[in-house]
Undergrad: 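Let me begin by handing over the structure; questions about it come next.
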There are 2 protein chains.
Amino acid sequence: MSNAYNRPDQLSPELRRRVLETARRLGYPGPDPVARSLRTRKAGAVGLLLTENLSYAFRDPAAVGFLEGLSLACEEAGQGLLLVPANPEREDVAAVHRAGVDGFVVYSVPDDDPHLAAVLERPVPTVVCDQPDVDSVDRVGIDDREAIAAVARHLIELGHRRIGVVCMRLARDRNDGFVSVQRQREAHFHVQRARLAALADTFGAVGVEWTNVPVVERFDHTIASGATAAGQLLDRDPDLTAIICTSDILGLGALNEAHRRGLRVPQDLTVTGFDGITEAERAGLTTVRQPVLEKGRAAGRLLMDNADHGRPRTVTLDTELVIGTTAAAPKPVDQWYGP
Amino acid sequence: MSNAYNRPDQLSPELRRRVLETARRLGYPGPDPVARSLRTRKAGAVGLLLTENLSYAFRDPAAVGFLEGLSLACEEAGQGLLLVPANPEREDVAAVHRAGVDGFVVYSVPDDDPHLAAVLERPVPTVVCDQPDVDSVDRVGIDDREAIAAVARHLIELGHRRIGVVCMRLARDRNDGFVSVQRQREAHFHVQRARLAALADTFGAVGVEWTNVPVVERFDHTIASGATAAGQLLDRDPDLTAIICTSDILGLGALNEAHRRGLRVPQDLTVTGFDGITEAERAGLTTVRQPVLEKGRAAGRLLMDNADHGRPRTVTLDTELVIGTTAAAPKPVDQWYGP
DNA sequence: ATGAAAGCGCTAACAG
DNA sequence: CTGTTAGCGCTTTCAT
């Protein structure tokens, strides 16, 4: 009977037909997938853990791109994709425990997130992407330091020395405002930490004292947040010649705020982003393009490719500096004040 | 032991702590979610079936909106969301059988899709959204006939009589080109069928012979498809004064094609869409706004709201005609030729 | 508070 | 080709 459903080749087509028909007549709804999974030890699905509310994944274009890539890989392998409802507000890890999956992909999660810990305790393979800085687990990402250093070098060449930074959340607690150097260094989001460190190094190398560089953090990753963050920077230091944002979404917000204040971009203010989302390229934002779709696909393939790897594998994807129309040399007057 | 994990209240905290610690020391990874699901008869997840390749769901803004709403509802209920990899090319229904879920949401699927049939055979509740025209199952959608009739009336008032239509795929077979009235009537995608029928009725009421109205179908739902479809219409009948598209994506393509041909919109050609996606509203497309996010949320809530309903429930959401800048009265010269 | 046992529905292995 | 059986890991019930 089981064979009729699972091994069409093991019995005659005629018999199979008869069995199936009888089963249907008896109201048998087909094999229970859960019982089957228990027996075969295969759930046929990949779990995805995000730090944000589930719905956020569909609002952030970069996350959507990642999901598209991941779903592509799942489709190739005939696996389902289970979005795990891990609300970051609550510490409720139960959803991770309840997920019937053969493996996890963890995307954009702080390294001290209890959900991440719960995933790592599960006896299934895991691939982390971007944020978590976890040992002994497969990982896919980009070279965040080098990627944003390219932006920094570009601005340095243009002559910018008086800069401000807008970054995404650095830890699980909400901290909308200026960020101490200590908080930067202790950031639990690996990507943000790496980008800030690289900016500090690169600008430090040309004599910019990083402790004097204002960095503003935003918990919510929205265009509106980017705008208020840029406003905060400009309020404190109206002489900034450039605002570096660690994401395009924030960068688009900074652009809006500049326009709102009557600042011309790039004549009066340079703005940069990070990610290379469509909206940003359309706005001409100078940014770093990263292959978000490829990241998702690579993560999925790594997970599904069951070559039992002795040591954790790492996939590092390429990025590209995109010169848009939002960065230019600072106005001469600014350079007279400069260091 | 089971109690230690599931009923913290049934035993002393001290004991619980001890049990858990011992378990961990023994390398026990926590209760197996699949075995638990088998026993409790709850998978803790909702399955989503789409007719397209999984990854398509992340490329179409309307689908993304639907997913956002659905994930919102899942999150509320603490349920996971399992994207079922149902490749429409293959007839492989196994993925539906393997899905360990407590219910299904079916979105944008033709009424003769074998995946849909497989879902309906599973002994779990199901909610269909938009496309499938299935009896005795909960449904959420909009009044497609009335929604597009509003567009038709608007164009009629403006004076358009010589129109063409671009629609999405009408059945599972690829048919990129003009559509016979019969194929329109037999369309397996309920939404497309309803919209075409409403257009026929509304224009028919003012004396436009529907058999003379060219309708072009596209299998792929992309901007590029919309462009070539519009081109096909204009090639056959350069005197068209308006092109009605059954989606914004197609409408954006039609807009592109018009520009490419040097046709001014709306002076030389009127173009309309359907959905109300952001990109369309930004382009000023005259369209019908439908609450895609609400549709997803409503579908999820309907599914999760376990009030055992005697009869199937239906949720019909409101739509709104959005007057953009892509529709205007046809040029006088056209009217001279008109019927 | 703890232990023992039944059984969820299936698949894989083996005997006929 | 067909029928029988053990057991996947859990939760629940009942007995101690």
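Chain identifiers are assigned alphabetically (A, B, ...) following the order of the sequence lines, protein sequences preceding nucleic acid strands; residue numbering begins at 1 within each chain. For the numbers below, each heavy atom of this structure counts, side chains included, while hydrogens, waters and symmetry mates do not.
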Undergrad: Round to a whole Å and report the spacing from CZ of A:R98 to C1' of D:dG9.
TA: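 After rounding, the gap between these two atoms is 15 Å.
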
Undergrad: Round to a whole Å and report the spacing from CZ of B:R36 to C1' of C:dG9.
TA: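 Going from B:R36 (CZ) to C:dG9 (C1'), I get 18 Å.
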
Undergrad: Send over the distance from B:L38 CG to D:dT12 C1', rounded to a whole Å.
TA: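 Rounded to whole Å, this separation is 13 Å.
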
Undergrad: Determine: side-chain N/O of A:R41 to OP1/OP2 of D:dG9, distance under 4.0 Å, yes or no.
TA: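 Yes, A:R41 has a side-chain N/O under 4.0 Å of OP1/OP2 on D:dG9.
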
Undergrad: Look at the side chain of A:R39 and decide which nucleotide, out of D:dT11, C:dA12, D:dG9, has an atom nearest to it.
TA: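 Looking only at side-chain atoms, A:R39 lies closest to C:dA12.
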
Undergrad: In whole Å, what is the span from the NE2 atom of A:H97 to the C1' atom of D:dG9?
TA: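 Spelled out: NE2 on A:H97 to C1' on D:dG9 is 16 Å.
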
Undergrad: Exactly one of B:D111, B:D173, B:D113 should register a side-chain hydrogen bond (donor to acceptor under 3.5 Å, both in side chains) with B:H188. Which one does?
TA: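 Only match with B:H188 under side-chain hydrogen bond (donor to acceptor under 3.5 Å, both in side chains): B:D111.
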
Undergrad: Please report, rounded to the nearest Å, how far the C1' atom of D:dG9 is from the CZ atom of A:R122.
TA: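 Answer to the nearest Å: 13 Å.
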
Undergrad: Starting at NZ of B:K42 and ending at C1' of D:dT12, how long is that distance when rounded to a whole Å?
TA: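 Answer to the nearest Å: 16 Å.
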
Undergrad: Looking at A:R174 and A:D220, is there a salt bridge between them, counting it only when a charged N and a carboxylate O are closer than 4.0 Å?
TA: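 Between A:R174 and A:D220 there is a salt bridge, with a charged N closer than 4.0 Å to a carboxylate O.
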
Undergrad: Kindly say whether B:A187 contributes a backbone atom to a donor-acceptor pair with the side chain of B:Q192 at under 3.5 angstrom?
TA: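 The answer is no, because no donor-acceptor pair under 3.5 Å joins these two groups.
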
Undergrad: Taking the inter-plane angle between the rings of B:H221 and B:Y56 on a 0 to 90° scale, is it parallel (under 30°), tilted (30 to 60°) or perpendicular (over 60°)?
TA: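 Tilted, since the angle between the ring planes falls between 30° and 60°.
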
